[in-house]
Amino acid sequence: MRIGFFGTPYFAVPSLKMLAGEGYNVVGVFCQPDRKSGRGHKVSFSPIKEKALELGLPVFQFEKIKNPEAVKQIEDLNLDLMVTAAYGQILSQAILDAPKYGCINVHASLLPKYRGAAPIQWAIINGETSTGITTMFTDIGLDTGDMLLKRAVPIGPEETGGELYERLAVLGADVLKDTLEALREGTLVRSPQKEEEASYYPMLTKEMAKLDFTQSAKQLIDRVRALYPIMRCHASLNGEDVKLIQLKSAQTGAKGKPGEVLTADAKQGLIIQTGEGAVETVQIQYPGGKVMEAKASLLGKPIAVGDVFE
RNA sequence: CGCGGGGUAGAGCAGUUCGGUAGCUCGUCGGGCUCAUAACCCGGAGGUCAAGGGUUCAAAUCCCUUCCCCGCAA
């Protein structure tokens, strides 16, 4: 079976590794073009490109996968099956029609809930206690295709987006493996998504990392851990943009308005009033500085009680 | 050559504008006080001020070079 693999970030790596390890015939790996990134604008390869090169697989990178030359390339590969996992571009019907058995996608949620590009982070932001992996036949809609296999996992109460992302990447490879085996054995069952149960969440934007202290303590804590380490949540304090890397709930007798600093010393820590309850900032980062323990930071850079994060 | 911030005691920072004895908070060590404590009081140790070169009577501070860390943007 000739397989074309479409993926870009780390999420897709375990799946590609599994395909190669299980002896599947991956005839082409498609990923997003190399981009200048990081300090100094150095060009870096995506995790999938790195892995594909390591495995000795041919790599294809198209600026727009819908362009005729890209579609022709896919058709010329004479694929039996396409596998996608966080590729990063929307596929066209012509592409989906190219492989004999269609296109199977690995999605990091329990569909039809959390359709969209950032299901992992959104699940944590919304305080979900479980999520999972769904494999599906890709259709022209956004994560709307018929579902194949589904597996759920609990979300830890303090788990970060990065940690869950890693777990789901591994689980995704596992579910994909079972899906392909079922496909070979002819036991694969398609089940349509129920539209009335569907939910869609958009891509993450940097505005989402700006903390709103009128939210409840739990919402703030969930948001900070959901976005970590992709984005570090931040708030403005006395004109400085301060990153609050890790929050936890705090008990204190003091009260204030949302965002107001209730305690700020090395013994009790940095505790901030929210719309509902209070949060302690465990780790903090100032502009130009490294991430540090908030209690240590207060020794050299005090914050006054009554100052307001906004 | 994308833009910017930073490197000072074990930790976190001030001091750099305008060159003139190396400071603060905490920790640590010793002592004291207390029924007692993460409390309080007294005292001590701990720094080639990232590295190299230059200017100067004198450099953490001014000039040049290098190394390392961080944020933004992508």
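Below, chain A is the first sequence line, B the second, and so on; all start at residue 1.
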Taking only the C1' atom of each, what is the distance from B:U61 to B:G7 in whole angstrom? 15 Å
Name the pairing partner of B:U21, where a pair is Watson-Crick or G-U wobble with both distances under 3.5 Å, or state none. none
Chi angles and distances behind the side chain to side chain donor-acceptor pair (under 3.5 Å) call for A:Glu163, A:Tyr228: CA-CA 9 Å; A:Glu163 290 162 352; A:Tyr228 184 87; over 6 Å; no
Do any N or O atoms from the side chain of A:Ser297 and from the backbone of A:Glu293 form a donor-acceptor pair under 3.5 angstrom? no
Name the nucleic acid region contacted by A:Lys290, choosing base, sugar-phosphate or nothing; use a 4.0 angstrom heavy-atom cut-off, strictly under. sugar-phosphate
Mate of B:C67 across any strand shown (Watson-Crick or G-U wobble, both atom pairs under 3.5 Å) is B:G7
Complementary nucleotide of B:G43, counting Watson-Crick and G-U pairs under 3.5 Å: B:C29
Please work out if A:Lys243 contacts a base, only the sugar-phosphate, or nothing of the nucleic acid, heavy-atom cut-off 4.0 Å. sugar-phosphate
Please report the distance separating the C1' of B:A9 from the corresponding atom of B:C24, rounded so that it comes out in whole Å. 12 Å
Is A:Ala296 touching bases, backbone alone, or none of the nucleic acid, heavy atoms closer than 4.0 Å? sugar-phosphate
Can you tell me the base-pairing partner of B:U55? Count Watson-Crick or G-U wobble geometry only, both distances below 3.5 Å, and say none if there is no partner. none
RNA chain B nearest-nucleotide lookup for A:Lys42 and A:Lys267: closer to the 5′ end is A:Lys42
No-hydrogen, no-angle side-chain donor-acceptor test under 3.5 Å, A:Thr84 and A:Asn105: yes
Name the residue closer to the 5' end of RNA chain B, choosing between A:Gln285 and A:Gly40 according to the nucleotide with the nearest heavy atom. A:Gly40
Give a yes/no verdict on a cation-pi contact between A:Lys243 and A:Tyr286, requiring under 6.0 Å between NZ or CZ and the six-membered ring centre and an angle within 45° of the axis. no
At under 4.0 Å between heavy atoms, what does A:Glu293 touch on the DNA or RNA strands: base, sugar-phosphate, or nothing? nothing
Of all nucleotides in RNA chain B with an atom under 4.0 Å from a non-hydrogen atom of chain A, which is the first and which the last going 5' to 3'? B:G2 to B:A74
Option among A:Tyr87, A:Phe5, A:Phe30 that satisfies the ring pair (Phe, Tyr, Trp, His ring centres under 6.0 Å) test with A:Phe60: A:Phe30
Using a heavy-atom cut-off of under 4.0 Å over every strand shown, decide if A:Ser297 touches base, sugar-phosphate, or nothing. sugar-phosphate
Heavy atoms under 4.0 Å, any strand shown: does A:Lys206 hit a base, just sugar-phosphate, or nothing? sugar-phosphate
For B:C72, which nucleotide is its Watson-Crick or G-U wobble mate, given both distances must be under 3.5 Å? B:G2
